[in-house]
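Working notes, beginning with the structure itself.
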Amino acid sequence: MPEREITYREAVREAMVGAMRENDEVFLMGEDVGVYGGAFGVSRGMIEEFGEERVVDTPISEAGYVGLCTGAALMGMRPIAEIQFSDFMTHCMDQLVNQAAKIRYMFGGEGRVPMVVRTPGGAGTGAAAQHSQSLEAWFVHTPGLKVVMPSTPYDAKGLLLSAIDDPNTVIFYEHKLLYNKKGTVPEEPYRVPLGEANVSRIGDDVTIVTAGLMHHYVLEAAEALADAGVEAEVVDLRTLSPMDDAAVRRSIEKTGKLVVVEEDVKTAGWGAEVVSRIVEGESFYSLDRAPARVAGADVPIPYNRDLEAHVRPTPEKVVEAVRNLVDARKGVYA
Amino acid sequence: MQNDGKRVELLRQMLLSRHFDEKVNDLYAEGKVHGTAHFYVGQESVAVGAIAALKEGDVITSTHRGHGHAIAFGLDVDRMAAELLGQATGYCHGKGGSMHIADVGAGMLGANGIVGGSMGIACGAAWAFKRRGQDNAAICFFGEGATNEGIFHETLNMAAIWKLPVVFLCENNQYGMSMSVKKATAIENISDRASAYGMPGVTVAGSTLDEVYNATREALERARAGEGPTLMEAITYRYLGHSKSDANLYRTREEIATWRKQDPIQRFATVLEGEGVLERDEWRKLDEETRLRIEEAFEKASREPDPQPESALEDVYA
């Protein structure tokens with residue numbers, strides 16, 4: 001039987017549909033998720049199966065409905081909140097950071113908030129500064145939240161099912177440019193564990209750590225590098241928090257070189273955390289070159305196509321960073 | 001309303017609440033508690049009157065000024081005292097303190113350090129009741145200060161369109177920290193805002209327990225009948241400062257004295273006397289009994305163990 005290929009969008013939907021068929025306490029709530037099918041069509045067709053009680057169109061009230069989902073989760077339900085663009089997470093920061101993330105801890109371990117907040121992040125769509133950000137590092141910086149950023153349809157389905165099962169609040173980052181990406185996805189339900197990176201390409205010369213859409217840029221760069229005789233090992237983190245730095249460590253023990261590729265802005269991005277975890281411990285001595293980061297420029301995302309491309313990571317920028325790193329001459333860094 | 005025994009119990013709860021907060025206030029003054037707390041003294045009839053109208057399985061969400069709600073909901077004053085002292089046996093095992101006392105299993109979904117922070121949570125509990133077909137409801141307590149937060153608008157609107165079984169109970173104690181409600185809003189009554197959401201709004205004298213009870217009962221009946229939320233406003237007053245560090249520069253002694261004359265506990269005790277439910281010396285005895293109960297709670301709490309340092313790293317994730 002040929003392997004089935006579906007899009008990332010369909011994989012996310014399939015996870016939600018599967019979870020909702022399995023468990024009556026799972027529901028989806030967000031702006032235009034009903035008949036419209038969500039701004040990116042992820043929930044299309046779901047309201048027809050589950051009705052408006054479980055696929056719930058909300059007013060434009062992100063704080064309100066994320067707060068509501070927090071309360072429903074505290075009562076034992078399994079809400080999935082969709083935030084139309086991840087930029088709008090700013091509207092519900094109090095609910096996520098002060099409430100959902102802290103309830104369990106503040107209450108001394110009595111109570112939990114098993115909620116998933118799905119949201120598309122990232123640039124590359126010409127949507128400019130308020131619809132293109134990658135703000136996931138904010139949530140990586142918040143104990144009590146888990147942050148997931150799948151790059152493939154297979155991981156999207158398996159990680160979302162794990163996120164819905166998880167007893168904690170999980171921020172689930174999708175990417176607008178991944179929704180149409182196709183990949184092999186089994187029809188039956190399966191779980192990809194949270195907090196486990198995936199080594200998606202084996203190589204001996206350099207370790208490239210990445211997540212989300214950038215994983216595809218890195219794989220493209222890795223092919224170009226291979227043509228030039230540099231074999232990159234690619235670590236797709238998949239979950240940013242908790243971060244599987246052990247997988248990164250294992251890889252650099254072999255390669256001795258680390259490049260992190262992330263779409264968010266470089267300053268205080270999650271890539272800085274990857275680098276810190278490697279250089280502050282014993283694994284520092286596994287490195288034979290200083291690590292490098294390829295990240296978004298420290299600017300808002302501009303509208304013009306060329307300007308936007310200029311500030312974002314690209315496969316070419318990744319190739320350049322790796323070439324500089326493996327260059328035998330000292331001090332030639334990106 | 002309730003039978004005589006229940007009414008005496010309500011007086012006892014108000015007295016417990018009063019003595020608890022007065023004791024905590026003293027402990028702060030003596031430097032025996034660290035952190036901060038917000039005192040409910042003067043507002044007891046609101047929590048006790050409203051919560052008396054709940055039934056088994058109902059829930060509440062509270063505020064930063066939450067001791068009174070917790071006591072009225074039936075939380076154990078020993079464990080509350082232990083939490084205030086940061087002990088391992090407190091409700092939050094020493095991790096929450098005054099502003100996070102909760103008993104989720106019992107339906108007390110938490111005090112909350114963020115103004116308006118629990119309004120979404122209350123709606124979520126109400127959502128769960130509705131989805132599960134349960135005949136239960138939530139009371140969401142908040143101050144008048146919270147009504148100028150964005151989440152007030154968002155949650156009242158959502159609760160109204162989905163007819164959620166929730167009672168929004170605004171305790172208008174006249175000040176958001178130092179900001180007078182008269183300066184903070186241009187409307188006469190907070191409950192006037194209800195009309196903007198298509199729900200009933202009602203203002204009651206918060207210092208009269210029976211008024212609070214009756215209005216809450218009516219709002220809960222409406223909620224349980226699937227008719228949706230109510231915005232209730234209880235006019236009340238906090239005698240003590242906003243928190244332990246308040247020098248009361250924004251109001252006068254006379255104003256405080258005027259409100260103290262309509263003290264909710266005195267009022268309710270006098271009503272019970274008039275009804276022949278309680279003699280004056282029985283009331284005095286109850287006052288003394290509850291005072292000693294609180295003394296005992298803090299005395300006991302002071303002998304409870306401190307949490308293990310390692311526990312500070314636990315319970316971030318389930």
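Since we're looking at a predicted model, the values are computed, not measured. The chains referred to below are lettered A, B, ... by the order of the sequence lines, with proteins before strands, and numbering in each begins at 1.
Interface remark: of the candidates B/Cys123, B/Gly113, B/Gly107, B/Cys123 forms the most heavy-atom pairs closer than 4.5 Å to chain A. Options B/His100, B/Glu314, B/Met119, B/His93 differ in how many heavy-atom pairs under 4.5 Å they form with chain A, and the most are formed by B/His100. Ranked by heavy-atom pairs shorter than 4.5 Å toward chain B, the options A/Gly71, A/Pro167, A/Gly76 are led by A/Gly71. Looking only at heavy-atom pairs under 4.5 Å with chain A, the residue among B/Ala125, B/Gly96, B/Pro307 that has the most is B/Ala125. The most heavy-atom pairs under 4.5 Å with chain A, out of B/Ile161, B/Asn112, B/Asn157, come from B/Asn112. Heavy-atom pairs under 4.5 Å with chain B peak, among A/Cys69, A/Pro242, A/Pro59, A/Gly144, at A/Gly144. Considering only heavy-atom pairs separated by less than 4.5 Å from chain A, the leading option among B/Gly90, B/Ala102, B/Gly117, B/Ala128 is B/Gly117. Contact count against chain B (heavy-atom pairs under 4.5 Å) is highest for A/Gly64 among A/Gly64, A/Pro79, A/Ala73.
Heavy atoms closer than 4.5 Å to chain B are found in the side chain of A/Ile103, but not in its backbone. At a 4.5 Å heavy-atom cutoff, the contact between A/Glu110 and chain B is made by backbone and side-chain atoms alike. Proximity to chain B (any heavy atom under 4.5 Å) is shown, for A/Val113, by neither the backbone nor the side chain. In this structure, chain B has no heavy atom under 4.5 Å from any part of A/Thr169. Neither the backbone nor the side chain of B/Leu156 comes within contact range of chain A; no heavy atom of the residue lies under 4.5 Å from a heavy atom of that chain. If you measure heavy-atom distances from B/Tyr91 to chain A, the contacts under 4.5 Å come from the backbone alone. With a 4.5 angstrom heavy-atom cutoff, B/Leu109 touches chain A via backbone and side-chain atoms both. Using a 4.5 Å cut-off between heavy atoms, B/Asp103 does not touch chain A at all. Using a 4.5 Å cut-off between heavy atoms, B/Ile101 makes no contact with chain A at all. Only the backbone of A/Glu62 comes within less than 4.5 Å of a heavy atom in chain B; its side chain stays farther off. With a threshold of 4.5 angstrom between heavy atoms, A/Phe27 approaches chain B through side-chain atoms but not through N, CA, C or O. For A/Arg112, the part lying near chain B is the side chain, with the backbone staying farther off; criterion is any non-hydrogen pair under 4.5 Å. Neither the backbone nor the side chain of A/Met115 has a heavy atom closer than 4.5 Å to any heavy atom of chain B. Heavy atoms closer than 4.5 Å to chain A are found nowhere in B/Ala88, neither backbone nor side chain. Both the backbone and the side chain of A/Lys146 come within contact range of chain B, each with at least one heavy atom under 4.5 Å from a heavy atom of that chain. At a 4.5 Å heavy-atom cutoff, the contact between B/Phe129 and chain A is made by side-chain atoms alone.
Checked for salt-bridge contact, A/Glu53 and B/Lys130 miss the test: no charged N lies under 4.0 Å from a carboxylate O. Classification of A/Glu25 and B/Arg131 as a salt-bridged pair fails, no side-chain N sitting under 4.0 Å from a carboxylate O. A salt bridge is defined here as a Lys NZ or Arg NE, NH1 or NH2 lying under 4.0 Å from an Asp or Glu carboxylate O, and B/Lys300 with B/Glu304 fails to meet this definition.
Using a distance-only test at 3.5 Å, with no hydrogens or angles considered, a donor-acceptor pair links the side chain of A/Arg78 to the main chain of A/Asp166. Judged by distance alone, the side chain of B/Thr230 and the main-chain N or O of B/Met232 form no donor-acceptor pair under 3.5 Å. Side-chain atoms of B/Lys95 never come within 3.5 Å of backbone atoms of A/Gly109 as a donor-acceptor pair (strictly under, hydrogens ignored). In this structure, A/Asp264 contributes its side chain and A/Leu135 its backbone to no donor-acceptor pair below 3.5 Å. A donor-acceptor distance shorter than 3.5 angstrom exists from the side chain of B/Arg224 to the backbone of B/Asp135, with no hydrogens or angles considered.
Looking at B/Phe168 and B/Thr147, their side chains never come closer than 4.5 Å, going by heavy atoms from C-beta outward.
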Please assess B/Arg79 against B/Glu83 for the test salt bridge (charged side-chain N to carboxylate O under 4.0 Å, His left out), listing each intermediate value before the final yes or no.
CA-CA 6 Å; B/Arg79 289 188 66 193; B/Glu83 188 57 35; over 6 Å; no

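Neither side chain, A/Asp87 nor A/Gln130, offers a donor N or O lying under 3.5 Å from an acceptor on the other.
Below 30°, between 30° and 60°, or above 60°: for B/His67 and B/Phe39 the angle between ring planes is above 60°, a perpendicular geometry. Using cut-offs of 30° and 60° for the angle between ring planes, the B/Trp162 and B/Trp127 rings count as perpendicular. Under the 30°/60° scheme for interplanar angles, the aromatic rings of B/His69 and B/Phe141 are found to lie parallel.
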